[in-house]
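Read through the structure below, which is laid out as structure tokens, and then see the notes.
In what follows, every heavy atom counts, from backbone to side chain, and hydrogens, waters and symmetry copies are set aside.
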Amino acid sequence: MKQVENLLSGIGVIERRGAAVTEVSGVESDSRQVKKDNLFVAVRGVTVDGHNFIGQAVAQGATVIVCESFPDELVAGVMYVRVEDSSVAFGLLASAWYDHPSKELTLVGVTGTNGKTTTATLLYEMFRLFGYKVGLLSTVCNYIDNVAVPATHTTPDPLHLHRLLREMVDAGCTYAFMEVSSHSAAQHRIAGLDFNGAIFSNLTRDHIDYHKTVEAYLKAKKSFFDGLPKGAFALTNIDDKSGMVMLQNTQASKHTYSLRTMADFKAKIVESRIDGMTLAINGKEVEVMFVGRFNAYNLLAVYGAACLLGCDPDEVLCKMSLLVPVAGRFQTLHSSRGYTAIVDYAHTPDALNNVLTSIRDVLGGKGSIITVVGAGGNRDKGKRPMMAREAVNLSDRVILTSDNPRFENPNDILNDMLEGLDAEQRRKTLAIVDRREAIRAATQFAAAGDVVLIAGKGHEDYQEIEGVKHHFDDKEEVEKLFAEEKA
């Protein structure tokens, strides 16, 4: 049980009505999960408004209701609390319920269209190499030091998020790194978090099905930086046209990184190979097990953040040389027939361009690129023809296939992608709905020295069809085919 006054003290209460309740047994925003003496927060969601379930929450035992507007009927014995924004209040209440765990951690958030997972995960890995106990909140997996906790969203709901942070603190973690999605910023899921730093990677078209416009998408990302406290740092990629926008209204100390111009943290690619590259960062060279300009940006962000957190720059470079690629992010597999398969999460036009450009740079015209790519169902349809064009323009052969069709007909998705291609582009494009067969076909086309890129799903180990997740792992499929080649 916790004191109601302590929970409500920081949420901006406008008005109270009803009973004087002193203690509650828990905080919930899902009326189905409410138990006796809980505090229920009526959050206005994307598809469901929690205000419609206040009655159900009370019926299940809630004694305190936090809402933006009072219900017509107030039940005896229940306290009703009105706030301006219940989604913000929920984050603050979740933080208070778990005794503000983010204040006991050095917490750094990473936002941007591409690179969030890689940057956050590599910071987690680097600080563990430095000997710290560290937490990670990411798309691929959450970690409480070395204990994995499956991830369901890029940024969890506030209650789950603050519970994980509390578990990190209780496990002895002193640092935590997390991805901050545009959805979580727009929905105030990060309310109540005390950030020590923020990193911006880039911004390209994504999640337009949710945000409706690129401007709204940008505004959601920027709101994360706008909310940083004075003692935090804000590190931004100034090579991205939105990079400096992130710093416009932040109170945090402002820092920049770049591959193209003067910045606080500057890098250039000295040499590229299919299994790594040599980087010069602030004038000192380091060998890394990563490929491509996009990974150079990710590593530069990691370097900058680590330095801003007080690590010795030379030690950061030493640890950087030990880091390995994140699962499903430019994962390289070598066939006994002499070609290379790369599994990557690239699921936006820009990400696909980045990966394919990196492969072309490494190959230097000495091998062909065969790309397998699809697009998700029930998501932004506008990027489908754009992704097909990026794939065809930068590949020698393209196989369009299913990604996660969800509730759409896979053939309709492929037709949307094909709409982006002219007659000449279609001549080097195949459409194979079955993803397993598409990957098989790509490997059969490949000759020694070629690269097969399997894009879109990366770390995911499922394919979502008609609401059901079927096990499917691109890396596993490639490994099976490689085993057949040896047989």
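- Contact of the Met178 side chain with the Leu193 side chain is registered, since non-hydrogen atoms from C-beta on lie closer than 4.5 Å.
- Remark: the backbone N or O of Glu464 is not paired with any side-chain donor or acceptor of Arg406 at under 3.5 angstrom.
- Taking NE2 of His160 as the reference point, atom CG of Leu137 lies at 8.5 Å (rounded to 0.5 Å).
- Between Asp461 and Lys475 there is no salt bridge, since no side-chain N of the basic residue sits under 4.0 Å from a carboxylate O of the acidic one.
- In this structure, the side chains of Leu323 and Leu129 come closer than 4.5 Å at one or more pairs of heavy atoms.
- Leu481 contributes atom CG, which lies 11.0 Å from atom CG of Leu333 (distance to the nearest 0.5 angstrom).
- Distance check: Leu136 CG to Thr121 OG1 gives 4.5 Å after rounding to the nearest 0.5 Å.
- A donor-acceptor contact shorter than 3.5 Å is absent between the side chain of Lys116 and the backbone of Thr139.
- Annotation: Glu424, atom CD; neighbour count of heavy atoms from other residues, nucleotides and ligands within 6.0 Å does not exceed 12.
- Within 6.0 Å of NZ on Lys219 lie no more than 12 heavy atoms contributed by other residues, nucleotides or ligands.
- Summarising the geometry of Ser102 relative to Gly192, their closest heavy-atom pair is OG-O, 3.7 Å, with the distance given to 0.1 Å.
- Between Val110 and Glu179, the closest side-chain pair of non-hydrogen atoms is not below 4.5 Å.
- Electrostatic pairing of Lys319 and Glu125 does not count as a salt bridge here, judged by no charged N lying under 4.0 Å from a carboxylate O.
- A donor-acceptor pair shorter than 3.5 Å can be found between the side chains of Lys221 and Thr111.
- None of Ile359, Thr357, Leu363 except one satisfies the side chain to side chain contact (heavy atoms under 4.5 Å, CB included) rule with Asp361; the exception is Thr357.
- With a 6.0 Å radius and a threshold of 12 heavy atoms from other residues, nucleotides or ligands, Lys241 has its NZ atom at or below the threshold.
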(request) Report the C-alpha separation of Arg189 and Leu161 in whole Å, then their side-chain angles, then the decisive distance to 0.1 Å, and conclude whether the side-chain contact (heavy atoms from CB on, under 4.5 Å) test is met. (result) CA-CA 9 Å; Arg189 272 186 268 150; Leu161 175 56; 5.7 Å; no
(message) side-chain contact (heavy atoms from CB on, under 4.5 Å) for Leu123 and Ile199? Distances and angles first, verdict last.
(response) CA-CA 11 Å; Leu123 278 165; Ile199 301 167; 3.8 Å; yes
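- The backbone N or O of Asn202 lies less than 3.5 Å from no partner atom in the side chain of Asn237, so there is not a single donor-acceptor pair.
- When side chains are defined from C-beta on, Tyr297 counts as touching Leu259, because their heavy atoms get closer than 4.5 Å.
- Between Ser335 and Glu485, the side chains place a donor N or O and an acceptor N or O closer than 3.5 Å (distance only, hydrogens not considered).
- Aromatic pair His255/Tyr257: centroids not less than 6.0 angstrom apart.
- Here the side chains of Leu394 and Asn353 are in contact, with some heavy-atom distance below 4.5 Å.
- Between Tyr339 and Phe482, a ring centre-to-centre spacing shorter than 6.0 Å is recorded.
- Ring-plane geometry between Phe294 and Phe330 is classed as tilted, the angle between the planes lying from 30 to 60 degrees on a 0 to 90 degree scale.
- Screening Asp344, Asn295, Thr117 against Arg329 for a side chain to side chain donor-acceptor pair (under 3.5 Å) leaves a single residue, Thr117.
- Closest non-hydrogen pair, Ala185 versus Ser223, comes out as CB-OG, 3.7 Å.
- With rounding to the nearest 0.5 Å, the separation of CG in Asp403 from CZ in Arg435 is 5.5 Å.
- Closest of all the heavy-atom pairs between Ile399 and Ala441 is CD1-CB, 3.9 Å.
- Interatomic distance, Lys381 NZ to Arg379 CZ, rounded to the nearest 0.5 Å: 12.5 Å.
- Atom NZ of Lys268 is surrounded by 12 or fewer heavy atoms from other residues, nucleotides or ligands within 6.0 Å.
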(request) Could you check Arg128 against Asp145 for salt bridge (charged side-chain N to carboxylate O under 4.0 Å, His left out), going step by step and ending with a plain yes or no? (result) CA-CA 8 Å; Arg128 293 195 73 225; Asp145 194 24; 3.4 Å; yes
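- His162 places a side-chain heavy atom less than 4.5 Å from the side chain of Ser95.
- A side-chain donor-acceptor contact under 3.5 Å links Thr401 to the backbone of Val433.
- Checked by atom type and distance alone, the side chain of Ser242 never pairs as donor or acceptor with a backbone atom of Val245 at under 3.5 Å.
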Side-chain atoms of residues 412-419: list all donor-acceptor pairs with protein atoms under 3.5 Å, sequence neighbours left out, distances to 0.1 Å.
unit_1: Asn415; atom_1: ND2; unit_2: Asn411; atom_2: O; d: 3.2
unit_1: Asp416; atom_1: OD2; unit_2: Arg384; atom_2: NH1; d: 2.8

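- Judged purely by distance below 3.5 Å, without hydrogens or angles, the side chains of Asp350 and Asn114 pair a donor atom with an acceptor atom.
- Here Asn196 contributes atom CG and Leu308 contributes atom CG; the two are 12.0 Å apart, rounded to the nearest 0.5 Å.
- In this structure, Val286 and Ser321 approach most closely via the heavy-atom pair CG2-CB, 4.1 Å.
- With hydrogens and angles disregarded, no donor-acceptor distance shorter than 3.5 Å links the side chain of Glu408 to the backbone of Pro405.
- At distances below 3.5 Å, at least one donor-acceptor pair connects side-chain atoms of Gln331 with backbone N or O atoms of Gly328.
- For Phe290, the CZ atom sits in a packed shell: over 12 heavy atoms of surrounding residues, nucleotides or ligands are nearer than 6.0 Å.
- A donor-acceptor contact shorter than 3.5 Å is absent between the side chain of Thr250 and the backbone of Leu247.
- In this structure, the side chain of Ser258 does not engage the main chain of Lys266 through any donor-acceptor pair within 3.5 Å.
- Across every non-hydrogen atom of Asp99 and Arg166, the tightest pair is O-NH2, 3.1 Å.
- Side-chain atoms of Ser402 do not come within 3.5 Å of backbone N or O of Asp434 as any donor-acceptor pair.
- Between Lys383 and Glu390, no side-chain nitrogen of the basic residue sits less than 4.0 Å from a carboxylate oxygen of the acidic one, so the salt-bridge criterion is not met.
- Side-chain contact between Phe177 and Leu122 is absent, with no heavy atoms from C-beta onward closer than 4.5 Å.
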(request) Run the numbers on Tyr345 and Val326 for side-chain contact (heavy atoms from CB on, under 4.5 Å), then give the verdict. (result) CA-CA 10 Å; Tyr345 189 53; Val326 177; over 6 Å; no
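- Residue Tyr175 forms a ring pair (Phe, Tyr, Trp, His ring centres under 6.0 Å) with just one option from Phe127, Tyr143, Tyr124, and that option is Phe127.
- Using a 4.5 Å heavy-atom cutoff, the side chains of Val147 and Glu167 are not in contact.
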Extract all donor-acceptor atom pairs below 3.5 Å that involve side chains of residues 443-457 and protein atoms in other chains or at least two apart in sequence.
unit_1: Thr443; atom_1: OG1; unit_2: Arg440; atom_2: O; d: 2.7
unit_1: Asp450; atom_1: OD1; unit_2: Ser368; atom_2: N; d: 2.8
unit_1: Asp450; atom_1: OD2; unit_2: Ala447; atom_2: N; d: 2.9
unit_1: Lys457; atom_1: NZ; unit_2: Asn404; atom_2: OD1; d: 2.9
unit_1: Lys457; atom_1: NZ; unit_2: Glu460; atom_2: OE1; d: 2.9
unit_1: Lys457; atom_1: NZ; unit_2: Tyr462; atom_2: O; d: 2.4

(request) Using the side-chain contact (heavy atoms from CB on, under 4.5 Å) rule, take Val288 and Met277 through it: C-alpha gap first, then chi angles, then the decisive distance, then the call. (result) CA-CA 6 Å; Val288 296; Met277 59 185 167; 3.7 Å; yes
